[in-house]
Amino acid sequence: QVQLVESGGGLVQAGDSLKLSCAASGRTISNLAMAWFRQTAGKEREFVAAITRNAFGTYYADSVKGRFTISRDSAKNTVYLQMNSLKREDTAVYYCAATTSYSTTDGYRRQNLYEYWGQGTQVTVSS
């Protein structure tokens, strides 16, 4: 059983930066592909970023490309999401996800690929 716990969310102004963390337990993240999704009230959960097991493959939604960076630290069994140049549109609950499955480039963007999910952390960006 994999447990994922997100942290680092908060209230910031547009243009500011924030770094989210996802601490995993129950299995080493070296055996998992990891991702971040986000969701606002009344909308479906949407893909933000993903990172493969070897950490060489990273994937981003067009809306965050160039502003967000996903990374992993195997020693700490933790995945991060560095968010820069934040916009009001980035306001959402951010969820960490993990999967034992392998996929294609487009497949990593699909939430159905992921078996394990964290509880979420709120990010609020003022206008």
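Numbers here simply count residues along the sequence, with the first being 1. Just so it is clear, the model here is predicted, and its values are computed rather than measured.
Under the 3.5 Å distance criterion, the side-chain polar atoms of Thr28 are left unmatched by any main-chain donor or acceptor of Asn31. Put simply, the side chain of Ser101 never gets that close to the backbone of Thr99: no donor and acceptor are under 3.5 Å apart. Side-chain atoms of Ser74 never come within 3.5 Å of backbone atoms of Ser30 as a donor-acceptor pair (strictly under, hydrogens ignored). Side chain of Asn84 to backbone of Ser17: no donor-acceptor contact under 3.5 angstrom is found.
Hydrophobic cluster membership differs between Val93 and Trp36, with clusters built from Ile, Leu, Val, Met, Phe, Trp and Tyr side chains linked at under 4.5 angstrom. There is no path of hydrophobic side-chain contacts, each under 4.5 Å, that joins Leu113 to Val2. If you chain together hydrophobic residues whose side chains sit under 4.5 Å apart, Tyr116 and Phe47 never meet in one group.
Counting heavy atoms from C-beta on, the side chains of Thr91 and Thr40 never come closer than 4.5 Å.
Glu46 pairs by the side chain to side chain donor-acceptor pair (under 3.5 Å) definition with Arg38, not counting sequence neighbours. Residues satisfying the salt bridge (charged side-chain N to carboxylate O under 4.0 Å, His left out) criterion with Lys43, sequence neighbours excluded, are absent altogether. Shown here are the side chain to side chain donor-acceptor pair (under 3.5 Å) partners of Asp73, two or more places apart in sequence or in another chain: there are none. Under the side chain to side chain contact (heavy atoms under 4.5 Å, CB included) criterion, Arg67 pairs with Val64, Ser85, Lys87, Asp90, sequence neighbours left out. In terms of the side chain to side chain donor-acceptor pair (under 3.5 Å) criterion, residue partners of Gln119 (sequence neighbours excluded) are, by chain and number, Glu6. Remark: Glu44 engages no residue in a side chain to side chain contact (heavy atoms under 4.5 Å, CB included) (not counting sequence neighbours). Applying the side chain to side chain contact (heavy atoms under 4.5 Å, CB included) rule to Ser126 yields the partners Gln13; only residues at least two apart in sequence or on another chain are considered. For Ala97, the side chain to side chain contact (heavy atoms under 4.5 Å, CB included) criterion is met by Phe37, Tyr114, Trp117, not counting sequence neighbours. Residues satisfying the side chain to side chain donor-acceptor pair (under 3.5 Å) test with Gln3, not counting sequence neighbours, are none.
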Using a 3.5 Å cut-off and no angle test, enumerate the donor-acceptor pairs between side-chain atoms of residues 18-27 and protein atoms at least two apart in sequence or in another chain.
none

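Between Met34 atom CE and Thr52 atom OG1 the span is 12.0 Å, to the nearest 0.5 Å. Interatomic distance, CD1 of Ile51 versus CG of Leu32, reported as 12.0 Å (0.5 Å rounding).
For residues 101-127, no pair satisfies salt bridge (Lys or Arg N to Asp or Glu O under 4.0 Å), with sequence neighbours left out. Applying the ring-ring contact (aromatic ring centres under 6.0 Å, His included) test to pairs two or more places apart or on separate chains, those with a residue in residues 62-110 are Tyr59-Tyr108.
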